[in-house]
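Computed over heavy atoms, backbone and side chain alike; hydrogens, waters and symmetry mates excluded.
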Amino acid sequence: MRKFWCLFFMFWPVLAIWLCWVSPANGWWFPSIAPWELGQQIDDLFYLLLIITTVVFIGTQFALGYVLWKGSDVKPGRAWFSHGSHNLEVIWTILPAIILLFISLYQMDVLARIRVMSKFPEQASRDPIAEVTARQFEWRIRYPAPGKKLLAQPQPDDLYTVNDLHVPVGQPVMIRLRSDDVQHSFGLPHLRLMQDAVPGLVIPVWFRSNAVGKFEIVCKELCGWGHYKMQGELTVELEEDYEAYLKALQEKMNDDGYPADAENAVAQSDEE
Amino acid sequence: MKPRFVLLSAASLLTAVIAGCGDFKSEFVLNKTTDELIPPAKEIVETELHENFGTPEELVAWLKFPIDYGDEESVTVNVVGFDEGAKGVVRVNSEDELEVDFEGSVLRIGNETEHKISSFDPESGTLHVTPPIEAKLTPEDSVTIVLKQKGWLLKRGRNLYMKHCVHCHGVSGDGNGPTAQYLNPLPRDYRQGKFKFTSTISTEKAAHRDFRRTLYEGIQGTSMPSFKLKLIGDDMDAVIAYVLFLSSRGEYEIRLGGELKVLGGGKDDLEQRLRNEEGLTRAKAIEEFESQEEVSEGLPELSDSVATILAEDWARADNPDVEVWPKTPRPEPTAESIARGRALFISKDAKCSDCHGMQGYGNGSQTEAYQQLPGSTLTYDKPGLYDDWGEPIQPRNLHTGIYRGGRRPIDLYRRIYAGIKGAVMPGFGTSLTDEQIWDLVNYVLSLPYENSWHGDMSAEKTVAEHTVK
Ligand SMILES: [Cu+2]
C-alpha cells in the first residue's frame, strides 16, 4: 500500500509533463504565432518561465518520489531526528530569490512597452482608434467619425457598434478601455494581450497586428454568470478596407430610413 | 491515510455533484391570471395549454401560428451495398455531399419504417442504423435520409434558449429566471405578446426583423446583451421561433383565461355572486359554468378562435404595410430644426416634457403624480409611471446618449412615431407630421451634447498613466 501511494503521487507530475509535451502537436497550445513582435516576446518570456519551472518541477518531484519510495520500507530501530540544516535553508532561499530577481528584471522592458503609456508608439497614443467599453456581457465600441479624432466626451458624429472591433493592419493602434459595471478583462489571446477593464478608469491599451484576419476578443475576468457571452471579434484589415468599414458604419449610423423602398428594408434586415 | 477515508470522501463528493445538478426542473408554470380562475376553468386552461403547446421536453408546434418551426429536410440516395448479415449497416452513394447530423437524422425506407442513424462515415457512405433493417435492400433501392426533422428549428431554439436566455427570461418566458431578481430593468415577460422596440405601427406586434435586431444589437442600458457572435446561421432564427412560441403560448393562456372569466370562470366574480345572489350555492354555480355550450362541446371552437385571433395578430406584424418608414428624409439638425423640436417637446400637442421633463432629464411632472391602475378607478400605491407589466418605469433621461431601441435616426423616428409598446411612451404617428417628428428627433439627438466640451485628453492621460496596473 505504501508503494501504491508513492506511485499515485508520482503519476500526476508525470501526467502533467506528458500533457505539456504532447499539447503543441494536438493544438492545445497557443492559438497561433503572435502576429506582432511584442506578442512573440511575451511568448519568449513564457517559454523562459516554463523552462525554469520545468527544471525545478522535475527536480523537486524526482526528489519527492525518491524520498517516498525510500521511506516505504519500514526499517528496524529508532527514527532519526533532524532539526534541519541551516546551510541548506540559506541556499534554497537565496537561489529562488536570485531567479525571481532575474525574471523580474528581465521582463521589465517588455512589460514597460506594453503597459507604460510614455513608451507606446507615438502614432498609437496620439490618436486612439476607438473606445471599448466592457459591460455585462458585451463590448460596446465607439469610433470617431472618419477623419476625426476620438475625444474623451462622446461626440454627435461618433460611430457605435457592439462586439466588433476593426483596426488597420500593420499599424500600432490604441484603444481606450473602460468598464460600465464590474471588472472585466480585455483579452486578445491571439495577440497574447490582456488588460483588466476597471470601473472608473480609462486604460489605454495598444497593439499591432501584422497579419490580416479575424481574432477573438474574450473577457478574461470572471465577471458574472453571463461571462461566457462576452465574445467579441477583432478584425484586422487593410487600411482601405478599414476606411470602407467606417464609411459603411457611418452610413448605417445616419440611416434615416428614407427612401423606404423594399430593397432597402430587406438589405437592412439581412445585415442585422 | 486509510483507503476507507479516501473512498468516503470520493463518495461524498460524488453525491454533492449529483445532488447539485438535480434541482433544476424545466416546466412551464401557469400565469397568475390562470390562478385567478375557478378550478374547472383553470383545468380547462391547463389542459388546452398542454395539448397545444406541450412541455419544454415535448414541444407541440401549433401550426396555426405563423412561426417557422423548421420544415423537414431530406435527401434520397441510392443503396450501394447492404450486408444481410449485419442488418444495421447500409452503404449509400456518397457522391452527394451528405451532412448527417446524428442528433436527429433518420433513415427512411419506403414511407413507413424509420431507423435512427447512429453513425455515418462520409468517405465510404456507410451508415449504421438502429433498429436493424428487416427488409432486404438491393442496390436498385433508394432510401431517404432525413437530415432535419420537422420542427427542428423550434427544438434547436429551445436548446439555445435553455443555454443563453433561460437564466433571465425563465422557462415559460415569464421574465422570471433565476438571475431576473438582480436585474433592473427586469427581463421581458413575453406572455403579453408585447415587445417594446419595434419597427411596426403602434397597434401592431413586433415583426420578425425586430427580434433579429434586438438579438443582434442587444439593448444598451439594460441587461440584454448582443448575441451577434453567439447566435449565427440558423441559430438566431431558431431562438426567435422559440421566443415566438413562448410568447404565443403565454398570450393564449391569458386570452383563453379572459374568455373563461367572461363566461363566469373568475374566482372573484364567483365569490361576489355567492354573496349577492340568494340561494346560489358554490356547486350550483360551478355546474352552471360547466354546462355552458362554450366550455363543454364548444370548447375546441373557443380555443381555436382565441388562437386564430392571436395568430392573425402575429401574421400582420410581418406585413410590410405596417412597417414604419418616414415619408420625408431627416432634415439637417440645424439650430432652427432643434429649436422647433424643443418648442414641440414642451408644447401641449406633444407633451413630451410631462414625462421627460422640461430639460429632458426624465423628471417630468407625471413621474410624481399618482397614476391610475389599468381598468380601475384606484391608483397605484406609489407615485410614478408604470408599464403594462405593472412595474415602475422611468421616462428616459435623454441626456445619457443611451438609446435602448437603437440610436440611428430611423430608430428614434420609429420610437416617436409608434411609441414604445407596453410602456407609457405613446405613438405620435397620427398626431404629428413627419417634419415635426424629425424636428423632435433632431432635438432629442442634440440633448446629450448640450453642455459638451471639446477637450483634448491631456488631463486624462496623466491619470491613466498613474493608474494602469
Ligand atoms: Cu466580462
Side-chain angles (χ1 to χ4, degrees), chain A residues 1 4-5 115-118 125 128 135-140 149-156 158 160-164 176 180 195-196 198 200-205 216-217 224-226 228-233 252-262 264-266 268-272, chain B residues 1 3 164 167-168 178-179 182 199 207-210 212-213 215-218 220 223-230 320 323-331 333 401 407-414 438 441 445-446 448-449 452-457 459-465 467-469:
Chain A
M1 204 59 210
F4 166 76
W5 286 116
R115 292 280 194 261
V116 180
M117 206 172 150
S118 54
S125 54
R135 66 187 288 268
Q136 288 172 320
F137 299 99
E138 61 189 5
W139 306 95
R140 291 263 162 203
K149 275 184 158 220
L150 183 78
L151 297 185
Q153 292 291 308
Q155 297 303 308
D158 281 344
Y160 294 83
T161 180
V162 59
N163 290 348
D164 194 12
R176 294 158 46 81
D180 250 4
Q195 170 62 55
D196 281 6
V198 184
L201 293 185
V202 179
I203 299 176
V205 180
E216 217 177 352
I217 301 174
W225 66 271
Y228 78 99
K229 284 180 187 162
M230 289 192 72
Q231 183 189 358
E233 194 172 66
K252 185 186 155 190
M253 295 301 306
N254 291 332
D255 185 5
D256 64 356
Y258 186 87
D261 54 86
N264 187 359
V266 170
Q268 274 188 12
S269 57
D270 272 357
E271 178 212 342
E272 275 151 15
Chain B
M1 197 156 58
H164 297 304
H167 305 264
C168 292
T179 47
Y182 306 109
S199 58
H208 193 274
R209 57 178 178 273
D210 298 325
R212 267 195 100 75
R213 184 174 163 77
L215 280 168
Y216 195 85
E217 302 284 355
Q220 204 187 0
S223 305
M224 174 78 185
S226 159
F227 284 90
K228 71 168 144 191
L229 295 170
K230 282 274 171 253
E323 189 170 4
V324 175
W325 291 108
K327 288 175 277 302
T328 59
R330 176 195 181 197
R407 63 184 320 133
R408 300 173 306 169
I410 178 66
D411 296 323
L412 279 115
Y413 177 93
R414 283 175 175 160
W438 277 130
V441 169
L445 279 174
S446 77
Y449 313 104
S452 101
W453 49 277
H454 295 249
D456 65 351
M457 285 182 292
E460 211 178 85
K461 262 183 196 167
T462 38
V463 176
E465 241 184 299
T467 43
V468 171
K469 293 207 310 185

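Using a 4.5 Å cut-off on side-chain heavy atoms (C-beta onward), B/Glu217 and A/Val162 make contact. Side-chain contact between A/Asp256 and B/Trp438 is present, with heavy atoms from C-beta onward closer than 4.5 Å. Side-chain atoms of B/Lys327 and A/Tyr258, non-hydrogen and from C-beta on, never get closer than 4.5 Å to each other.
Atom OH in B/Tyr413 sits 13.0 Å away from atom CG in A/Asp255 (nearest 0.5 Å). Here the straight-line distance linking atom CE of A/Met253 with atom CD1 of B/Ile410 works out to 13.5 Å at 0.5 Å rounding. To the nearest 0.5 angstrom, A/Glu233 atom CD is 9.0 Å from B/Lys228 atom NZ.
Heavy atoms closer than 4.5 Å to chain A are found in both the backbone and the side chain of B/Ser226. In this structure, the portion of B/Thr328 lying under 4.5 Å from any heavy atom of chain A is its backbone and not its side chain. B/Pro329 touches chain A through backbone and side chain together, each having a heavy atom under 4.5 Å away.
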**Report entry** Stepwise side-chain contact (heavy atoms from CB on, under 4.5 Å) test for B/His167 and A/Trp225
**Finding:** CA-CA 9 Å; B/His167 305 264; A/Trp225 66 271; 3.5 Å; yes
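Checked against a 6.0 Å centroid threshold, the rings of A/Phe137 and B/His164 do not count as neighbours.
Remark: B/Tyr182 OH is loosely packed, at most 12 non-hydrogen atoms of other residues, nucleotides or ligands lying under 6.0 Å away.
Here the closest heavy-atom approach between residue B/Pro326 and residue A/Gly257 is recorded as CD-O, 3.5 Å.
Tested against B/Leu229 for a side chain to side chain contact (heavy atoms under 4.5 Å, CB included), the candidates A/Glu216, A/Lys229, A/Gln231 yield a single pass: A/Gln231.
Between chain B and the residues A/Phe4, A/Trp139, A/Tyr160, the largest count of heavy-atom pairs under 4.5 Å involves A/Tyr160.
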